[in-house]
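First comes the structure, then the notes that go with it.
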Amino acid sequence: MAAILTIDKLRAGYGPIDALHDVSLTVEAGEIVAMIGANGAGKTSTLMSVSGVLKARAGSIRFQGQDIAKLPAHQIVKLGLAQSPEGRKIFPRLTVLENLQMGAFTRNDAPGIAADIEKAFAMFPILKERRGQAGGLLSGGQQQMLAIARALMARPKLLMLDEPSLGLAPQIVVQIFDVIKDLNKAGMSILLVEQNARMALRVAHRGYVLETGRVTMSDAADKLLVDPRVRAAYLGE
Amino acid sequence: MLPILFAEAFNWTNLQQQCITGLTSGALIALIALGYTMVYGIVELINFAHGDLFMLGSCLALTIFTAFGLAQPGAIDSASNVTILLAIACCLVAVPIFCAGLNRSVDYVVYRPLRTAPRLAPLVSAIGVSFIFMNIGLFWVGPQDVNFPDVIQDRNLLGDDANLRFTLKNLLVVGVTVPLMIALTVFVKFTSLGKAMRATAQNPTAARLMGINTEFVIGTTFLVGGALAGFGSVVYALYVNTISYQMGFQNGLYAFTAAVLGGIGNIPGAVLGGLVIGLVQALGTAYIGATWTSAIVFAVLIVILVFRPSGLLGARVREKV
Ligand SMILES: Nc1ncnc2c1ncn2[C@@H]1O[C@H](COP(=O)(O)OP(=O)(O)O)[C@@H](O)[C@H]1O
Ligand SMILES: [Mg+2]
């Protein structure tokens, strides 16, 4: 399989401080890769660097062979790289439908966009019911669904999800993870960031452990699930 | 004393007349307020220079009228209607472009490098730009109030012997401001760029993740806000017929107040705020006295903010986190 995303020795940070010191990671086409780590480890910073929102200070980020580390965020989406960010970041005063339309901002194939909106509604029927409502009025779970559906509207080749289970009721988390599995079965490559390490490693093919801005472990997901260090630090056993 | 006051208070014609005056100047205030509110909505900057941008627009309008030979005493009587209409048309094209370009340039040169700096840095810079603009205005039209050619006949459109007066000047203000507000609403609500503007205002990071070039959107916002101030300045000059390098201060302050009153960042709110302030101004002047106008306007602002801290139309949707 070919790598769709290759991060090599990425360094990035805020002000004088580096949040990422040396992050290297690969996502193969068709894979779900989980990135787990404690709060503040640098998971969100990694995704934001890939999306071009946080500028890489050193290292390279290659997406389908092209170095995107220096591209502005709005050009990266166009290449087929979308993100459902931590905390959902729904546009609160745009309607559900408008939120979805914003996800397709880089596209101009109106019929394709309309078809994809119907697909999103089929995936999450509650969004269809609430299509005219302001995004800010949705419940947390509905906002998460909207955030994923909105990211999919870009027709990405790689979907990045930042803590999709954060703050959601257990049965909603199950529903979200089912969607992640289904998307992957349909061929989507996914980079999944989670603090819920157990759930993430169960759906993922491979996983990376991030600690204070460095990758400290990487292995097949089922191996990480039984690794004593992972079990002690992230699975609460 | 009392019966006279009583009679005056219930003079319906007078009240209606004050409402026409108030709504007319309110529409003008609203046009300036839109520039404040749009910029605040998108970069959370109170652009103190906006009122002075409006003032510079009037200066350019005067220069254009001078170039058409309409500014000299007595020139209007001998000028043909075609010349006058050409001068107005020229102003309505050139001044908005000038103000839009100037506003956009100031953003690019001054505010953009401070985008991630603490809030106070761009704010203080905006005050600085305001002073620079005022100095340019002082240099341009001089320290005194300057007459702006009174080219629009003050003929009553409701008939020469009607009790109420709605003049060609009122019509000019309404005829320019209302279509602009409608166009702005359509632009922001339905076009792709307009939606990108709202998205950027609501969550800039998410907007970038959607593939929106937020710097371009911010630049466009400064262009649009500047253009509206430009239109406003031409209409103001034609309506009030006096301009001065200081006119940006009070008009800017009223417009900013209108934006806050309506709910800063909210476009219909700015229009509503402008109309309310125009009405309060006109009614306060007529029934209480011109000396008190500013005090009354701000008293109304304070009272409304006490009951609705985020303005009349502000924060209609609570954000769930
Ligand atoms: N906007 C920011 N400004 C300054 N420091 C930040 C910012 N965002 C994150 N950090 C810091 O960067 C480090 C990594 O944070 P983050 O990438 O959010 O970690 P995670 O997503 O794994 O919880 C943390 O030490 C955090 O405090
Ligand atoms: Mg995070």
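Naming: A, B, ... by sequence-line order, numbering from 1 per chain.
Summarising the local packing, NZ of K55(A) is surrounded by more than 12 heavy atoms from other residues, nucleotides or ligands at distances under 6.0 Å. The local environment of CZ in F307(B) is sparse, with at most 12 non-hydrogen atoms from other residues, nucleotides or ligands closer than 6.0 Å. For F298(B), the CZ atom sits in a packed shell: over 12 heavy atoms of surrounding residues, nucleotides or ligands are nearer than 6.0 Å.
Considering every non-hydrogen atom in both V53(A) and T205(B), the closest pair reads CG1-CG2, 4.1 Å. Residues F105(A) and G211(B) approach most closely at CD2-O, 3.7 Å, considering heavy atoms.
Considering CG of L209(B) and CD of Q83(A), their distance stands at 5.0 Å, rounded to 0.5 Å.
Using a 4.5 Å heavy-atom cutoff, the side chains of M210(B) and R150(A) are in contact. For the pair F216(B)/H74(A), no side-chain contact is recorded, criterion being any heavy-atom separation below 4.5 Å from C-beta on.
Residue M48(A) touches chain B through its side chain alone, counting heavy-atom pairs closer than 4.5 Å.
Among the residues in residues 94-102 of chain A, those with a non-hydrogen atom closer than 4.5 angstrom to a non-hydrogen atom of chain B are L94(A), E98(A), Q101(A), M102(A).
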